[in-house]
Engineer: 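Sending over a structure as structure tokens; questions will come in a sec.
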Amino acid sequence: MNDASAHRPRFDTEAVHAGQHADAMTGAVIPPVHLSSTYVQDGIGGLRDGYEYGRSGNPTRTALQRQLAALEGGRHGLSFASGLAAEDALLRALLQPGDAVLLGDDVYGGTYRLLTRILGPWGVRVTVADLGDAEAVAEALRREGPRVVWLETPSNPLLRIVDIAALAGLAHEHGATVVVDNTFASPALQRPLTLGADVVVHSTTKYLGGHSDVVGGAVVLDDDALAERVGFLQFGAGAVSGPLDAWLTTRGIKTLGLRMERHSANARRIADFLHEHDRVARVFYPGLPTHPGHEIAARQMSGFGGMVSLALEDAAAARRFAEGTRLFQLAESLGGVESLVNYPDAMTHASVRGTALAVPPEVVRLSVGIEDVDDLLQDLDDALR
Ligand SMILES: *Cc1c(COP(=O)(O)O)cnc(C)c1O
């Protein structure tokens, strides 16, 4: 009896093997990167394996899309030129003029900008709420009847935690589609589709790529009809990932499980250290038992991730600290093997200054890399003095 279907490979096995098949002709273990923009037809319309033109399909992108779907446990994975391109295609597939979106009050600033400044003029309305506040969510769902509820957990940069299963239950009662931006946790630590979310989006630029050398985005979902609409926009609007980008992302993903273990272990040590430090006013890390979302995070995540934020005495101290580290390089972005420090108020979150999504000016965000943690601790200690 063939019971191959009874055994689904586990996460780290999928990360290495999903979508990856040795080349049939040469036996090359790593499938070749397909750079071709077009494909020979065996007679008019006689496509081999469905490939016709690089925007409509590319085997290297197909491999990445299978890998993405497998890791999030979804039926469909779609890969895009950036996280925001993925979000744009998804939102245009979901929304009509006049529709509302309910957004967490600490989602990625670029998502807010996309919704308010690009989709806003096309008639999309945005409501912002604290998605950890069940009363506020219920009220917004009743009042606005949003088509989409969009959340991030852990959030950026305050690492707030939302109970995905509870929120999805509430949103579904009101007929909304629940989208989780899973960039911060990555599927190695959290799988929103298994918790009741309808769609997962990623900036694969961050942990999935993992090496700060490629920009990309992804949408993963189960719903066949919605996947077809997103796929049509991927093809018809054309924000696809190029083959080299797709290949680099696939390569990064193979070590995702290992990297997230190390990111999480290093971040935990750093959060504990900062928590004890007399120059630090507050630490934001869901792995700390004192974090208000700790219990929910422990339930819905298998690790607490590599992002740690801290509040210093005031804005001046925060700026001095962000400019004072050596190993932690001052830069936007996150999720790479190297540690980065970011001052959200003037860097990543400058576009949401003065809005409901503004970040307190005494906050600094760390993307903890996979270096030796003792070197990282030394660097932070030096910069705090
Ligand atoms: C970076 C980021 C995005 C946007 O992705 P790009 O690849 O930069 O377009 C979206 N969401 C989160 C949480 C991010 O960190």
Side-chain angles (χ1 to χ4, degrees), residues 64 68 72 77-92 101 103-119 126 131 148 150-162 164 179-190 192 197 199-220 233-234 237-242 245-246 248-249 252-253 256 260 263 284 286 301 305-309 331-336 340-344 347-352 357 359 363 365-369:
L64 170 60
L68 290 164
E72 285 290 2
L78 295 112
S79 155
F80 290 86
S82 71
L84 281 173
E87 295 186 16
D88 178 48
L90 173 64
L91 287 166
R92 282 196 278 159
V101 177
L103 210 57
D105 62 1
D106 50 2
V107 298
Y108 179 69
T111 303
Y112 181 77
R113 184 178 55 208
L114 170 64
L115 277 163
T116 53
R117 294 185 53 194
I118 299 176
L119 298 180
V126 176
L131 298 185
V148 172
W150 187 288
L151 67 126
E152 260 172 60
T153 178
S155 72
N156 177 17
L158 297 181
L159 286 311
R160 291 192 353 219
I161 301 294
V162 173
I164 296 173
V179 180
V180 176
D181 182 336
N182 203 28
T183 298
F184 263 44
S186 92
L189 303 183
Q190 172 174 282
V199 186
V200 169
V201 299
H202 277 284
S203 169
T204 58
T205 313
K206 316 295 169 49
Y207 285 109
L208 294 180
H211 297 74
S212 306
D213 55 9
V214 58
V215 171
V219 174
V220 183
L233 279 159
Q234 185 193 40
V240 296
S241 32
D245 289 354
L248 272 173
T249 306
I253 286 174
L256 179 67
M260 292 315 293
H263 284 298
F284 306 87
M301 302 175 77
M307 299 303 296
V308 180
S309 292
E332 308 232 351
S333 200
L334 61 110
L340 299 179
V341 58
N342 162 56
Y343 181 62
M347 294 171 64
T348 47
H349 290 64
S351 68
V352 292
L357 285 76
V359 178
V363 168
R365 185 187 80 184
L366 303 175
S367 174
V368 178

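Heavy-atom basis, side chains included; hydrogens, waters and symmetry copies ignored. Just so you know, residue 1 is the first one in the sequence shown, and it goes up from there. Each ligand, and each atom within it, is numbered from 1 in the order the structure gives.
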Engineer: Could you pull out the closest heavy-atom pair between M347 and A331, with the gap in Å?
Structural biologist: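 Scanning both residues completely, I find the closest heavy atoms to be CE-C, 3.7 Å.
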Engineer: Please set out all donor-acceptor pairs under 3.5 angstrom arising from side-chain atoms of residues 207-219, sequence neighbours excluded.
Structural biologist:
{"from": "H211", "atom 1": "ND1", "to": "G209", "atom 2": "O", "distance (Å)": "3.0"}
{"from": "S212", "atom 1": "OG", "to": "E338", "atom 2": "OE2", "distance (Å)": "2.6"}

Engineer: Just list the N/O pairs, ligand 1 to protein, that are under 3.5 Å apart, with the distance for each.
Structural biologist:
{"from": "ligand 1", "atom 1": "5 (O)", "to": "S203", "atom 2": "OG", "distance (Å)": "3.0"}
{"from": "ligand 1", "atom 1": "7 (O)", "to": "G83", "atom 2": "N", "distance (Å)": "2.9"}
{"from": "ligand 1", "atom 1": "7 (O)", "to": "S203", "atom 2": "OG", "distance (Å)": "2.8"}
{"from": "ligand 1", "atom 1": "7 (O)", "to": "T205", "atom 2": "OG1", "distance (Å)": "2.7"}
{"from": "ligand 1", "atom 1": "9 (O)", "to": "G83", "atom 2": "N", "distance (Å)": "3.0"}
{"from": "ligand 1", "atom 1": "9 (O)", "to": "L84", "atom 2": "N", "distance (Å)": "2.9"}
{"from": "ligand 1", "atom 1": "11 (N)", "to": "D181", "atom 2": "OD2", "distance (Å)": "2.6"}
{"from": "ligand 1", "atom 1": "15 (O)", "to": "K206", "atom 2": "NZ", "distance (Å)": "2.7"}

Engineer: At their closest point, which heavy atom of L357 faces which heavy atom of V107, and how far apart are they?
Structural biologist: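 Result for this residue pair: CD2-O, 3.4 Å.
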Engineer: Show the nearest heavy-atom pair for residues A81 and V240, with the distance to one decimal.
Structural biologist: CB-O, 3.3 Å
Engineer: Does T348 use its side chain to pair, donor to acceptor, with the backbone of E332 at less than 3.5 Å?
Structural biologist: no
Engineer: Distance only, no hydrogens: is a donor on one side chain within 3.5 Å (strictly under) of an acceptor on the other, for T183 and E152?
Structural biologist: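 Judged by distance alone, the side chains do not pair up.
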